[in-house]
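Take a look at the structure set out below.
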Amino acid sequence: MDLDIVRTFVVAADAGQFQEAAAELAVTQQAVSKRIAALERNLGVRLFTRTARGAELTIDGQAFLPHARELLRVAERAVASVRPGRRPLRVDVIASRGAAAGLMRGFYRAHPEIDLDVVMLFDIETAVAAIRSGAIDASFRAVAAPGRPLPEDIESVRVLDEPLELLTGPAHALAGARSVTVAQLAGHRIWMPGIVPGTEWAAYYDDLVAEFGLTIEATGPNFGSDALLDTVADTPALATFMGGHTRLVWPSGHGLRRIPVTDPTPVYPHSLLWHRDNPHPALGTLRAHLAATATGHDATGTWAPSWVISSR
């Protein structure tokens, strides 16, 4: 059903005259008459009766009017659901306890008036495809992994360098250290079952191993963070890396230690990705917020892979 014709019917019913309806719709009176006639043919009933004072609704017209109004309301809600600024800003944070989720919590505290949809997508290819299709407005990723440049229509800006920390159980050889250098980690087994080949974080840790001669094991199934924490707490020979902004909670009896890594400090680079033609007004607000709160990149005494870029 043509919504313009339905709108014409509603305006004419409210005005009581085709001439007034034409003036309100900025069309000719003849156009109003043609639209009403087309609607009557489509419905198979008379909607108006001409009178000396204008046009009055028939019984069928009175029955159709509330449904016509509802049709227009539904159409407006449908348009509003996808209109930039009228729908929530959709952002991928990868994981609920990671640094990106923390950045979005900070953004929401600063801008509680902005509606947000937070989603978690696994790999960068899925995230980029979702950005390009409009399924999401932005994603936090490390870019760009070797041999996988971003598409030309995807913009990015580096927003956070997250320092890595060593997580050990109480009986680990380094558990008592206030900090450890990267060189001190050589020969220690660092267990990270969550590393998946082909992901940007796998590329990051591959470069970390190659640069400093570390031993990172990704063996065994990934049963999640709770199982990882249990194993590290109970196994003196194992440690793991975790981001300094990652929020994890474990039982007090685990006695786990978070130990800063220095000389240099490996940092995991988080960038915000978005489509260059995305018109959502809240996206600009998010970018401005992150620019105002972002820490310095490539700081002295830190390390990141050579393929990491700041922005484009």
| message | Nearest 0.5 angstrom please: H275 NE2 to H280 NE2, how far? | response | 15.5 Å
| request: Check whether any side-chain heavy atom of D153 sits under 4.5 Å from a side-chain heavy atom of R276, and report yes or no. | output: yes
| When rounded to the nearest 0.5 angstrom, what is the spacing between CG in L290 and CE in M104? | 7.5 Å
| query | Within a strict 4.5 Å, meaning less than it, do heavy atoms of the T58 and F48 side chains meet? | reply | no
| field | Ionic contact status for R35 with D4, cut-off 4.0 Å | value | no
| Thinking salt bridges, do E76 and R73 make one under a 4.0 Å N-O criterion? | no
| task | Identify whether V159 and L283 are in the same connected component of the hydrophobic contact network (ILVMFWY, side-chain heavy atoms under 4.5 Å). | result | yes
| task | Provide the closest heavy-atom pair for P269 versus D161 in the form atom of the first, atom of the second, distance. | result | CA-OD1, 3.8 Å
| query | Do the ring planes of F64 and F9 sit parallel (below 30°), tilted (30 to 60°) or perpendicular (above 60°)? | reply | tilted
| request: Could you walk me through whether D137 and R87 pass the salt bridge (charged side-chain N to carboxylate O under 4.0 Å, His left out) test, one step at a time? | output: CA-CA 11 Å; D137 296 297; R87 63 162 176 79; 2.8 Å; yes
| Rounded distance [0.5 Å steps], CG in L273 versus CD1 in I131 | 5.0 Å
| field | Between CD on residue Q29 and NZ on residue K34, distance to nearest 0.5 Å | value | 13.0 Å
| message | What I'd like to find out is whether the side chain of S271 reaches to under 4.5 Å of the side chain of R158, using heavy atoms alone. | response | yes
| request: Identify whether F212 and L167 are in the same connected component of the hydrophobic contact network (ILVMFWY, side-chain heavy atoms under 4.5 Å). | output: no
| request: List for me each residue that meets ring-ring contact (aromatic ring centres under 6.0 Å, His included) alongside F140, sequence neighbours excluded, and say none if there are none. | output: none
| message | Please determine whether side-chain hydrogen bond (donor to acceptor under 3.5 Å, both in side chains) holds for the pair D226 and W250, giving the CA-CA distance in whole Å, both sets of side-chain angles, and the decisive distance to 0.1 Å. | response | CA-CA 8 Å; D226 288 345; W250 52 78; over 6 Å; no
| Can you list the steps and then say if L72 with V74 is a side chain to side chain contact (heavy atoms under 4.5 Å, CB included)? | CA-CA 5 Å; L72 297 178; V74 169; over 6 Å; no
| Checking side chain to side chain contact (heavy atoms under 4.5 Å, CB included) for the pair E217/I190: CA distance, chi angles, key distance, verdict? | CA-CA 6 Å; E217 301 175 5; I190 300 171; over 6 Å; no
| field | V93 and L103, any side-chain heavy atoms less than 4.5 Å apart | value | no
| task | Would you indicate whether the side-chain heavy atoms of P163 and H245 approach each other to under 4.5 Å? | result | yes
| message | Would you say I259 ends up clustered with L248 if hydrophobic residues are merged whenever their side chains have heavy atoms under 4.5 Å apart, either directly or through other cluster members? | response | no
| Is there a ring pair (Phe, Tyr, Trp, His ring centres under 6.0 Å) between Y205 and W191 once you walk through the steps? | CA-CA 12 Å; Y205 286 109; W191 187 49; over 10 Å; no
| query | Would you call S156 and L272 a side-chain contact if the rule is heavy atoms closer than 4.5 Å? | reply | no
| query | Do other residues, nucleotides or ligands put more than 12 heavy atoms under 6.0 Å from the CG atom of L43? | reply | yes
| Using the benzene-type ring in the case of Trp, are the ring centres of Y268 and W201 under 6.0 Å apart? | no
Without placing hydrogens or testing angles, list every side-chain donor-acceptor pair under 3.5 Å for residues 174-188, not counting sequence neighbours.
unit_1 : atom_1 : unit_2 : atom_2 : d
T181   : OG1    : Q184   : N      : 3.2
T181   : OG1    : Q184   : OE1    : 3.4
Q184   : OE1    : T181   : N      : 2.8

| Spacing of T51 atom OG1 and E56 atom CD [to the nearest 0.5 Å] | 4.5 Å
| query | Under a single-linkage definition using a 4.5 Å side-chain heavy-atom cutoff for Ile, Leu, Val, Met, Phe, Trp and Tyr, are L65 and M1 assigned to the same hydrophobic cluster? | reply | yes
| query | If you count the non-hydrogen atoms of other residues, nucleotides and ligands that lie under 6.0 Å from CD in Q30, is the total more than 12? | reply | no
| request: Provide the closest heavy-atom pair for P170 versus A233 in the form atom of the first, atom of the second, distance. | output: CD-O, 3.7 Å
| note | Of all heavy-atom pairs linking A95 and A101, the shortest is O-CB, 3.6 Å
| After noting the C-alpha distance and the side-chain angles of L256 and L229, does the key distance pass the side chain to side chain contact (heavy atoms under 4.5 Å, CB included) rule? | CA-CA 8 Å; L256 292 169; L229 298 176; 3.9 Å; yes
| query | Do V91 and L89 pass the side chain to side chain contact (heavy atoms under 4.5 Å, CB included) test, and can you show the C-alpha distance, the side-chain angles, and the key distance before you say yes or no? | reply | CA-CA 6 Å; V91 182; L89 182 72; 3.9 Å; yes
| query | Do D92 and R141 meet the salt-bridge criterion of a basic N to acidic O distance under 4.0 Å? | reply | yes
| request: Grab the two heavy atoms, one from A239 and one from L166, that are nearest each other, plus how far apart they are. | output: CB-CD1, 3.8 Å
| task | Please answer: with hydrophobic residues joined when any side-chain heavy atoms are less than 4.5 Å apart, are V157 and V267 in the same cluster? | result | no
| field | Note: E165-R258 ion pair, threshold 4.0 Å (strictly below) | value | yes
| said: As a quick check of understanding, evaluate side-chain hydrogen bond (donor to acceptor under 3.5 Å, both in side chains) for H254 and D230, giving each step before the final call. | reply: CA-CA 7 Å; H254 276 20; D230 292 344; 2.7 Å; yes
| task | Evaluate the side-chain proximity of W303 to D207: yes if any heavy-atom separation is below 4.5 Å, no if none is. | result | yes
| request: Ignoring hydrogens and angles, tell me if any N or O in the side chain of T262 forms a donor-acceptor pair with the backbone of T265 under 3.5 Å. | output: no
| query | Would you say the side chain of L164 lies within less than 4.5 Å of the side chain of Y204, judging by non-hydrogen atoms? | reply | yes
| With F107 via ring-ring contact (aromatic ring centres under 6.0 Å, His included) - residues at least two apart | H111, H289
| field | Side-chain donor/acceptor of S133 to backbone N/O of A129, under 3.5 Å | value | yes
| task | State whether the side chain of Q17 and the backbone N or O of R53 hold a donor-acceptor pair below 3.5 Å, judged by distance alone. | result | yes
| field | Closest non-hydrogen atom pair between A127 and I136, with its separation | value | O-CD1, 3.8 Å
| For T231, does its backbone N or O pair with a side-chain atom of T235 as donor and acceptor, under 3.5 Å? | yes
| said: salt bridge (charged side-chain N to carboxylate O under 4.0 Å, His left out) for D14 and R69? Distances and angles first, verdict last. | reply: CA-CA 11 Å; D14 290 341; R69 295 190 194 279; 2.6 Å; yes
| request: For atom CD of E211, decide whether the heavy atoms of other residues, nucleotides or ligands shown that lie under 6.0 angstrom number more than 12. | output: yes
| said: To the closest 0.5 Å, what do you measure between CZ (R189) and CG (L238)? | reply: 4.5 Å
| remark: Nearest heavy-atom approach of A63 to H67 is O-CD2, 3.2 Å
